[in-house]
Amino acid sequence: MTTPEPSAPSNFIRDIVAQDLASGKRSHVVTRFPPEPNGYLHIGHAKSICLNFGLAIEHRGTCHLRFDDTNPETEDPEYVQAIQDDVRWLGFDWKENKFFASDYFEQLYDYAVTLIQNGKAYVDSSSADDIRRRRGTLTEPGTDSPHRNRSSDENLDLFRRMKAGEFADGTHVLRAKIDMASPNINLRDPVLYRIRKSTHYRTGDAWCLYPSYDYAHPLSDALEGITHSICTLEFEDHRPLYDWVVEQAGTPHRPQQIEFARLNLTNTVMSKRKLLELVEKKLVSGWDDPRLPTIKGLRRRGFTPEAIRAFCEAIGVAKRDATIEMALLEHFIREDLNKRAARVMGVLKPLKVVIENYPEGQAEELDAVNNPEDPGAGSRKVPFSRTVYIEQEDFREVPPPKYFRLSPGKEVRLRYAYIVKCDSVVKDPHTGAIIEVHCTYDPETRSGGPQAGRKVKATIHWVSAKHALDAEVRLYEPLLKTDLSKIPADRDWTLDLNPHSLERLTGCKVEPSLLKGKIGGRYQFERQGYFCVDPDTAKGLLTFNRTVSLRDTWAKIEKARQES
RNA sequence: UGGGGGAUCGUCUAGCGGUAGGACGUCAGCCUCUGGAGCUGACUACCUAGGUUCGAUUCCUAGUCCCCCAGCCA
């Protein structure tokens with residue numbers, strides 16, 4: 001397990017836990033992360049994971065990983081595996097504390113029998129429609145089911161037969177007997193069990209009766225000795241029911257539910273339903289599409305667990321609804337990668353530069369620093385020759401104000417190499433597009449050479465044409481053009497997907513040291529951003545994902561100029 | 001307008017009766033063989049109205065606005 005950050009900011013939940021320990025209300029801390037295995041984890045889950053595991057680490061307690069698998073129709077072992085991978089990748093260890101709500105089905109059933117015997121639950125044989133109708137509305141009380149006062153014996157008999165498979169789906173449910181007139185709708189005799197004749201991925205066909213969340217969750221917590229059951233705000237008004245279930249079941253241990261605000265991020269979606277929709281409609285390539293805020297997506301995009309954890313710590317834990325700007329997440333991955341990513345040169349949109357006074361056929365190896373932030377990272381050799389590629393953006397035939405890069409008659413430094421001066425350009429006779437730039441270099445200005453100190457306005461990156469490796473580079477922009485909260489509920493939100501969220505660049509040229517780049521390897525392409533080697537590289541072509549761009553002052557200047 | 005929650009810089013978040021702090025962002029400058037990184041400085045906030053108090057973001061009262069709940073989902 002990772003060690004807790006001593007500087008980690010406190011929050012109201014940490015305060016509650018600390019107080020419970022100080023007051024003697026609790027002698028130890030047991031939390032849990034309880035995903036339902038019906039989808040992949042996203043960064044919102046990471047917030048919960050960091051909170052729950054973090055609390056346990058802080059107090060030398062334990063944090064359970066519990067699969068809340070009470071709905072056989074949507075759950076799948078694929079998700080169980082993926083969730084475990086993700087939690088582990090994030091850096092957390094549940095040790096021997098892996099549990100499944102489905103392991104408690106027998107005990108849950110026994111508690112239900114007790115509830116029935118105590119007159120606290122009954123079998124309702126109404127249709128789903130009738131139950132809904134009798135539930136009342138937000139402003140009107142519900143009305144009792146005609147089956148509400150069945151005898152304990154009748155209920156017991158019916159419930160046993162439900163378990164035995166004598167009834168079809170939807171014909172009977174077990175309901176808590178609380179109060180049909182409660183202003184809290186969750187207390188209007190909520191459903192505890194429903195019949196589902198479908199195969200559960202773990203219990204197979206052993207059951208055709210499945211407990212609801214409101215029944216299974218509090219009891220699972222109680223059974224596991226969870227002290228602090230942390231969940232999101234939408235369960236706040238389920239808390240009286242949570243407490244009721246635990247109280248009526250009479251479990252020796254009483255867990256406490258505490259709610260916090262879920263994470264929202266700008267320009268993306270975070271609900272399982274919407275993520276699933278994107279995957280199923282093939283609007284993205286899969287759960288690990290680098291545009292997705294899923295853990296798998298972020299991982300493929302090149303995020304590190306450290307950056308995600310630092311982000312989760314920075315956003316805090318509170319009860320007010322909050323939408324974090326994507327810029328904050330980007331800040332943390334830049335901060336992390338700046339310290340650890342090896343620097344390389346890669347040209348995304350190549351423009352050929354011929355250095356006319358550089359001898360034909362000559363090549364030399366120049367020293368390049370691997371990471372200025374980490375002296376221990378050493379250096380490498382980069383080949384240089386008469387023809388190099390530079391970025392199309394780094395040349396302007398007619399430079400705008402404050403443009404420091406290459407233009408006719410101007411000088412720039414080729415990083416780690418020489419100062420070159422642009423003498424002429426070659427244009428496509430048909431389109432007029434610049435296809436080649438001709439320069440002369442000053443041999444004295446080689447890095448480390450006698451005139452190396454000469455100042456020029458800019459240094460640009462390059463790759464030797466004959467030594468370059470071909471690559472594909474994928475650039476990502478936000479998935480959504482706007483925030484989900486700004487899209488009307490009656491509008492198909494997928495219409496607001498950003499059509500430019502993925503840009504695939506082929507014909508990119510990268511320095512030869514990248515030949516040994518391993519899948520998942522993270523690099524900084526100097527002056528451009530952080531990139532990682534995509535698994536698609538295994539298909540033969542070196543492929544990179546841009547994790548995040550570098551901060552780009554020039555882009556801001558240009559944008560400001562265009563807007564004024 | 002039944003119930004449950006929540007309102008502090010543009011965005012997050014701290015504050016627990018004693019000059020409203022931090023982070024991201026933004027702007028300006030320094031520095032730089034990455035227009036990166038780093039460093040300086042600046043910017044902008046207590047939902048409203050009353051009350052209690054020497055003093056209120058904090059306590060009280062009344063409003064306003066926002067979120068959640070009417071699945072046999074979780």
Side-chain angles (χ1 to χ4, degrees), chain A residues 9-11 34-36 38 68 70-71 73-74 124 126-128 131-133 135-142 169-175 181-188 190-196 210 212-214 216-217 231-240 259 261 266 272-273 311 314-332 334-335 338-339 343 345 369 372-373 402-405 412-417 419 445 447-448 452-461 485 524-529 549-557 560:
Chain A
S10 196
N11 58 58
E36 183 190 12
N38 67 347
D68 217 342
T70 57
N71 184 354
E73 287 168 357
T74 58
D124 193 343
S126 308
S127 68
I131 288 178
R132 188 181 321 118
R133 268 191 286 278
R135 186 147 32 221
T137 68
L138 293 178
T139 52
E140 298 159 319
D169 288 14
T171 52
H172 306 270
V173 289
L174 184 73
R175 289 230 256 169
S182 173
N184 181 344
I185 292 180
N186 295 297
L187 261 22
R188 317 238 264 228
V191 169
L192 267 24
Y193 271 93
R194 71 279 208 197
I195 298 169
R196 281 267 194 292
Y210 292 93
S212 64
Y213 166 87
D214 282 319
H217 201 88
C231 63
T232 43
L233 253 28
E234 67 269 28
F235 294 106
E236 206 152 18
D237 49 16
H238 289 236
R239 192 179 345 122
E259 311 84 12
T266 55
K272 273 192 192 177
R273 207 208 99 233
F311 169 78
I315 59 176
V317 178
K319 294 194 73 159
R320 62 186 96 92
D321 294 312
T323 302
I324 312 283
E325 290 177 339
M326 200 58 91
L328 187 63
L329 217 207
E330 292 179 346
H331 162 77
F332 282 100
R334 283 196 190 101
E335 184 176 73
N338 176 48
K339 283 177 283 185
R343 262 112 260 223
M345 291 196 286
V369 173
E373 303 292 320
K402 290 189 189 167
Y403 185 83
F404 301 151
R405 283 109 95 151
V412 293
R413 170 172 288 284
L414 294 180
R415 173 135 243 231
Y416 303 124
I419 292 175
T445 58
S447 292
R454 222 178 94 200
K455 299 289 178 202
V456 285
K457 292 284 265 182
T459 297
I460 64 174
H461 62 275
S485 61
Q524 182 196 100
F525 284 14
E526 292 213 33
R527 306 207 305 130
Q528 307 200 94
S549 65
L550 248 27
R551 287 182 65 234
D552 189 347
T553 306
W554 170 243
K556 280 183 195 164
I557 294 170

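Heavy atoms of H217(A) sit nowhere under 4.0 angstrom from any nucleic acid atom. Within 4.0 Å (heavy atoms only), F235(A) reaches at least one base atom of the nucleic acid. Using a 4.0 Å heavy-atom cutoff across all strands shown, P141(A) reaches no nucleic acid atom at all. Among the heavy atoms of the strands, none lies under 4.0 Å from T171(A). Across all strands shown, A314(A) has no heavy atoms under 4.0 Å from either base or sugar-phosphate atoms. Using a 4.0 Å heavy-atom cutoff across all strands shown, S182(A) reaches no nucleic acid atom at all.
Going from atom CG of N184(A) over to atom P of G4(B) covers 8 Å, rounded to whole Å.
Pair assignment for A7(B) gives U64(B), based on Watson-Crick or G-U wobble hydrogen-bonding distances that are each under 3.5 Å. Under the Watson-Crick and G-U wobble criteria, each requiring two contacts below 3.5 Å, nucleotide C27(B) is paired to G41(B). Look at G35(B): it lacks any Watson-Crick or wobble partner with both distances under 3.5 angstrom. Here G2(B) sits opposite C69(B) as a Watson-Crick or G-U wobble pair (both hydrogen-bonding atom distances under 3.5 Å).
The base of G35(B) sits within donor-acceptor range of the side chain of R405(A), with an N or O pair under 3.5 Å. For a distance-only test at 3.5 Å, the side chain of D237(A) qualifies as a donor-acceptor partner of the base of G3(B). You won't find any donor-acceptor pair under 3.5 Å spanning the side chain of Q524(A) and the base of G36(B), going by distance alone. A donor-acceptor contact under 3.5 angstrom links the side-chain atoms of E373(A) to the base of G36(B).
For the pair R132(A) and C72(B), the criterion of a side-chain N or O lying under 4.0 Å from OP1 or OP2 is not met. For the OP1/OP2 pair of C69(B) and a distance below 4.0 Å, the side-chain nitrogens and oxygens of R188(A) include no atom meeting the criterion. Contact annotation: T70(A) reaches the phosphate of A74(B) (side-chain N/O to OP1 or OP2, under 4.0 Å). In this structure, K556(A) reaches the U26(B) phosphate: one of its side-chain N or O atoms is under 4.0 Å from OP1 or OP2.
Between the side chains of Y416(A) and E526(A), at least one donor N or O sits under 3.5 Å from an acceptor N or O. No side-chain donor from either of S182(A) and N184(A) sits under 3.5 Å from a side-chain acceptor of the other.
Checking A14(B), A23(B), G6(B) against every side-chain atom of A318(A), the shortest atom distance belongs to A14(B). Comparing C72(B), C68(B), G36(B) by their nearest atom to the side chain of R343(A) picks out G36(B).
Between R527(A) and P183(A), the one whose closest nucleotide on RNA chain B sits nearer the 5' end is P183(A).
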Step-by-step side chain to side chain contact (heavy atoms under 4.5 Å, CB included) determination, I131(A) to V173(A): CA-CA 10 Å; I131(A) 288 178; V173(A) 289; 3.8 Å; yes
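Across A62(B) and C68(B), the matching P atoms stand 26 Å from one another, rounded to whole Å.
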